[in-house]
Chemist: 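Input: one structure, supplied below.
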Amino acid sequence: MTYHTEKKDRVLAFFREKPDEAFPIEQVCRAILADGSGKSSVYRIVSGLVDEGILCKISEPNSRHCSYQYVGGEHCAEHLHLKCVGCGRLIHLDGRTSQTLEKQLLSSENFELDEGARLFGKCAVCRHKCKSLFAKSE
Ligand SMILES: [Zn+2]
Ligand SMILES: [Zn+2]
């Protein structure tokens with residue numbers, strides 16, 4: 001049990017270091033498991049963290065593989081987020097961009113966004129994917 005908890009802490013620390021990046025599960029295993037054994041426990045930990053809302057699952061376009069990204073950051077109440085509906089990626093906006101958007105909406109619409117609110121749309125990768133589909137017919 002303590003061993004499991006320790007491993008969970010390491011998985012969390014791994015994701016927390018780079019909240020703007022998504023990692024395939026194989027890469028998480030390589031980083032966590034020194035000898036490559038115990039992959040199933042890493043799989044269980046990661047899917048548990050997804051259930052807890054600490055990680056999100058991202059489906060990569062043009063691939064059957066999934067990657068995972070940390071979304072439970074301590075500072076996430078202080079900025080806004082862009083959530084891609086195509087792949088599930090979460091983009092953390094910087095504080096200044098967040099404040100500009102928040103102020104703009106408050107003054108033009110008298111609308112106050114929730115702390116850490118998520119705005120939905122399509123990320124660069126997914127938009128590019130759409131474009132390349134259209135490009136075929138040109
Ligand atoms: Zn955030
Ligand atoms: Zn996307």
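Numbering of ligands and ligand atoms starts at 1, following listing order.
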Chemist: Identify, by name, the N, O or S atom of H92 lying closest to the Zn ion (ligand 1).
Modeler: ND1
Chemist: Taking the Zn ion (ligand 1) as the vertex, how big is the angle to SG in C76 and NE2 in H81, rounded to 10°?
Modeler: 100°
Chemist: Could you check whether any side-chain heavy atom of L49 comes within less than 4.5 Å of a side-chain heavy atom of V11, counting everything from C-beta outward?
Modeler: yes
Chemist: Can you check whether C29 reaches Y43 side chain to side chain, under 4.5 Å on heavy atoms?
Modeler: yes
Chemist: Is a side-chain donor or acceptor of D94 paired with a backbone partner of T97 at a separation under 3.5 angstrom?
Modeler: yes
Chemist: Can you give me the SG-the Zn ion (ligand 2)-SG angle for C123 and C84, to 10°?
Modeler: 110°
Chemist: So, are E52 and K8 salt-bridged, with charged N and O less than 4.0 Å apart?
Modeler: yes
